[in-house]
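Everything on this sheet refers to the single structure shown next.
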Amino acid sequence: MRRALAGAALLATAAPLAAQAPEPTMERVPDRRAGEGDGPYSKLVIRGAILIDGTGAPPRGPVDIVIEGNRIASITGAGTPGLPLEPSRPPRDAVREIDATGMYVMPGFVDTHGHNGDPAKAPNPSYGYKLWLAHGVTTVRGVSLYWGPDNASLDDKRRSAANTIVAPRLFAYAVLGDVWSGGAVDSPERARAWVRWAKKAGYDGVKLFNSETRPVTAAALDEARKLGLGTVAHLGQGGVAEVNARTAGQLGLGSITHFYGHFESLLKDSSLPRYPADYNMLDEQDRFYGVALLADQIVEPGGPEWRAYLEEQLARGVVFNPTLNIYSASRDVMRARNADWHEKYTLPSLMDFFQPSRVNHGSYWYDWTTAKEVAWRRFYGPYMRLMNDYKNLGGRVTLGSDPGYIYQSWGFPYIAEMELLQEAGFTPLEVIRAATSHGADEIYRPKGVTAPFGAVRAGMLADLVIAPENPLHNFKTLYGTGFERLGKDGKVERVGGVRYTIKDGIVYDARALLADVAAMVADKKRAPAN
């Protein structure tokens with residue numbers, strides 16, 4: 001079955017496909033061309049901006065932000081709000097100045113659940129990388145970026161660090177047992193050997209799919225902790241009876257991604273989920289619909305058992321990475337299928353992958369009824385509350401988009417995740433903090449060092465987002481497609497979109513990145529069908 005099956009949900013072994021032509025191969029990311037991003041500069045000044053620094057502090061401005069090379073050198077006041085900016089402000093020797101008067105500057109966004117590497121959907125990795133950057137995402141934790149023995153994650157990571165490709169800053173996780181040539185990871189000793197191999201190879205962390213036995217999982221998590229590798233798990237249904245989210249936290253897991261394992265830790269009248277009698281986990285519509293039914297099987301949200309579960313996870317420092325956007329189509333598939341960005345920015349091969357299919361992972365719309373959508377809307381209520389309650393207790397909740405599945409492309413669903421966290425109860429400032437400093441901390445905490453990005457402060461890496469509209473007023477203005485509203489002249493106007501994304505001191509024009517993607521899509525639409 002296609003490697004895509006290792007993405008948005010745990011993917012069990014399925015029946016083999018009929019004989020078919022070889023799948024297309026993934027292309028190598030092309031080198032960054034002249035004009036694709038400018039800088040870094042010996043001195044760059046962003047003038048007159050309103051700063052949202054990522055720490056949770058309220059906006060302040062106007063300020064001037066001075067960047068030297070790839071570091072923020074200083075942040076100084078540029079005048080008094082409501083009055084003209086102070087003239088002739090130092091420094092006067094900048095190589096470049098960006099007039100950000102009235103614009104909003106934030107830390108670069110951190111996507112803690114990224115994939116880029118399915119040749120059947122988007123064979124040119126630049127497609128995803130440019131969409132991420134165009135939406136202000138300057139850091140991606142790939143879990144994994146690519147699948148299988150031809151995994152190119154480390155190559156892209158090195159080239160991104162050297163800024164020889166147009167891509168966010170990359171952190172590469174590998175799936176336990178993937179990539180290496182050492183055979184099956186089927187014992188605790190083999191798990192520890194694989195983790196040591198992954199560390200030596202240069203990976204930043206380990207992804208688990210809950211397909212291992214509990215002793216293997218425990219050994220992998222223990223070895224990863226000793227070596228300073230991060231750990232994230234998709235606690236899928238195939239193994240959740242043995243390792244649910246509570247158990248995984250007890251074993252030392254760093255991050256729980258998606259919703260898997262949480263409600264299975266909170267069942268009220270049984271120790272296992274009550275599946276319908278005709279349930280078949282290998283039928284994706286059964287599996288995804290069955291998840292929604294868990295909402296009626298859990299303890300009272302907010303009750304003592306609920307709170308005890310969250311307090312236990314908090315005490316262990318477990319991070320929640322909910323990826324609310326990737327399942328949002330389950331609530332309203334028609335809306336997801338007709339999202340504003342598809343026509344101009346979604347590759348035809350990707351749109352084909354999204355269509356109802358028994359083969360393509362996450363394309364489970366065989367007969368997606370009103371009842372199924374209603375069940376998913378009901379599921380989102382307690383799941384969102386779980387995330388918000390955990391945040392209110394002091395737990396870390398971060399943003400991940402899990403792109404490339406279920407009518408979600410790259411970049412756009414990251415902004416959708418911001419909107420969904422606000423729906424869950426996060427204030428806009430809490431959303432920005434989750435997207436920046438908390439995401440950076442999630443990546444760097446296992447390494448035992450302070451994250452060098454995630455906040456706009458002197459000495460931090462120059463990873464920034466510059467947006468013309470106030471995202472705290474409306475996250476929709478961050479979408480690359482912009483936001484339609486009625487202007488002062490009574491006519492409909494389209495505003496917003498990120499204006500500049502700065503990664504490592506290099507200034508990328510977000511509109512130019514989107515134009516590149518639109519050209520890719522238009523070119524593929526003109527190409528003759530195979």
Side-chain angles (χ1 to χ4, degrees), residues 6-11 110 112-114 141-144 171-178 185 188 190-192 194-196 198-199 203-267 308-323 383 386-387 389-391 393-400 402 434 438-448:
L10 169 73
L11 311 176
V110 181
T112 56
H113 190 126
R141 181 178 67 175
V143 291
S144 292
F171 291 85
Y173 280 42
V175 174
L176 181 63
D178 198 7
V185 176
R190 300 281 287 169
R192 290 182 185 276
W194 183 92
V195 172
R196 291 193 294 270
K199 172 70 174 181
Y203 286 98
D204 299 288
V206 181
K207 169 78 170 287
L208 298 99
F209 274 112
N210 215 17
S211 56
E212 306 80 17
T213 64
R214 178 168 173 164
V216 168
T217 297
L221 292 174
D222 181 63
E223 195 70 19
R225 179 186 56 78
K226 291 176 180 177
L227 297 178
L229 294 178
T231 55
V232 59
H234 169 141
L235 299 167
Q237 294 97 323
V240 78
E242 191 170 9
V243 179
N244 59 29
R246 186 193 305 272
T247 308
Q250 293 168 350
L251 294 177
L253 179 66
S255 300
I256 299 169
T257 194
H258 307 316
F259 46 71
Y260 300 101
H262 287 298
F263 283 7
E264 292 88 345
S265 304
L266 292 165
L267 297 172
Y309 168 71
L310 293 178
E311 288 177 341
E312 182 177 349
Q313 298 288 39
L314 177 64
R316 300 182 186 280
V318 179
V319 175
F320 291 177
N321 183 235
T323 66
Y383 186 49
L386 191 74
M387 297 300 109
D389 286 356
Y390 193 54
K391 175 262 299 177
L393 281 174
R396 294 293 171 91
V397 179
T398 59
L399 271 72
D402 192 16
H438 282 184
D441 178 73
E442 180 181 7
I443 291 172
Y444 271 87
R445 185 183 56 171
K447 301 176 184 293

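Any value given below was found using the heavy atoms of this structure, including those in side chains, with hydrogens, waters and symmetry copies removed.
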Legend entry - For Glu442, side chain to side chain donor-acceptor pair (under 3.5 Å) partners two or more places apart: Arg141, Ser255, Thr398
Legend entry - Pairwise side-chain contact, Thr112 with Val232, heavy-atom cut-off 4.5 Å (strictly under): no
Inset, instruction - Determine the minimum heavy-atom distance between Tyr173 and Val206, stating which atoms define it. - result: CD2-N, 3.5 Å
Inset, instruction - Would you check if Leu310 and Phe320 make a side-chain contact, meaning some heavy-atom pair closer than 4.5 Å? - result: yes
Inset, instruction - Examine distances only and state if a side-chain atom of Thr231 and a backbone atom of Leu221 form a donor-acceptor pair shorter than 3.5 Å. - result: no
Legend entry - Side chain proximity check, Tyr260 to Val240, heavy atoms < 4.5 angstrom: no
Inset, instruction - Please report the shortest heavy-atom distance between Arg396 and Asp441, naming the atom on each side. - result: NH1-OD2, 2.9 Å
Inset, instruction - With sequence neighbours excluded, tell me which residues meet side chain to side chain donor-acceptor pair (under 3.5 Å) with Arg192. - result: Asp222, Glu223
Inset, instruction - Using the salt bridge (Lys or Arg N to Asp or Glu O under 4.0 Å) rule, take Lys207 and Asp178 through it: C-alpha gap first, then chi angles, then the decisive distance, then the call. - result: CA-CA 10 Å; Lys207 169 78 170 287; Asp178 198 7; over 6 Å; no
Inset, instruction - Enter the distance from Leu266:CG to Asn244:CG here, rounded to the nearest 0.5 Å. - result: 9.0 Å
Inset, instruction - Enter the distance from Asn321:CG to His438:NE2 here, rounded to the nearest 0.5 Å. - result: 13.5 Å
Inset, instruction - Looking only at non-hydrogen atoms, find the nearest pair between Val397 and Pro322 and report the distance. - result: CG1-CD, 3.7 Å
Inset, instruction - For Tyr309, enumerate each residue passing the side chain to side chain donor-acceptor pair (under 3.5 Å) test, keeping only those at least two apart in sequence or located in another chain. - result: His262, Gln313
Inset, instruction - Can you see which heavy atom on Leu386 is nearest to which on Phe263, and at what distance? - result: CD2-CE1, 4.4 Å
Legend entry - Shortest non-hydrogen separation from Gly236 to Asn210 and the atoms involved: O-ND2, 3.2 Å
Inset, instruction - Using atom types as modelled and distance alone, determine if a side-chain donor or acceptor of Asp204 lies under 3.5 Å from a backbone N or O of Ala172. - result: yes
Inset, instruction - Determine, stepwise, if the pair Tyr390 / Val318 fulfils side-chain contact (heavy atoms from CB on, under 4.5 Å). - result: CA-CA 10 Å; Tyr390 193 54; Val318 179; 4.2 Å; yes
Legend entry - Geometric class of the Phe259/Tyr383 ring pair [parallel <30°, tilted 30-60°, perpendicular >60°]: perpendicular
Inset, instruction - Decide whether His113 and Thr323 meet the rule of one side-chain donor and one side-chain acceptor closer than 3.5 Å. - result: no
Inset, instruction - Could you tell me which non-hydrogen atom of Ala245 sits nearest to which non-hydrogen atom of Leu235, and how far apart they are? - result: CA-CD1, 3.5 Å
Legend entry - Under 3.5 Å donor-acceptor, Thr257 side chain and Ala233 backbone: no
Inset, instruction - Take Glu311 and Leu393, measure what side-chain contact (heavy atoms from CB on, under 4.5 Å) needs, and give me the verdict at the end. - result: CA-CA 8 Å; Glu311 288 177 341; Leu393 281 174; 4.2 Å; yes
Inset, instruction - With the side chain counted from C-beta on, respond yes when Glu242 and Thr217 share a heavy-atom pair under 4.5 Å apart, and no when they do not. - result: no
Inset, instruction - Indicate yes or no for a side-chain donor-acceptor contact from Arg445 to the backbone of Gly317 under 3.5 Å, with no hydrogens or angles considered. - result: yes
Inset, instruction - Carefully, step by step, assess His234 and Val143 under the rule side-chain contact (heavy atoms from CB on, under 4.5 Å). - result: CA-CA 10 Å; His234 169 141; Val143 291; over 6 Å; no
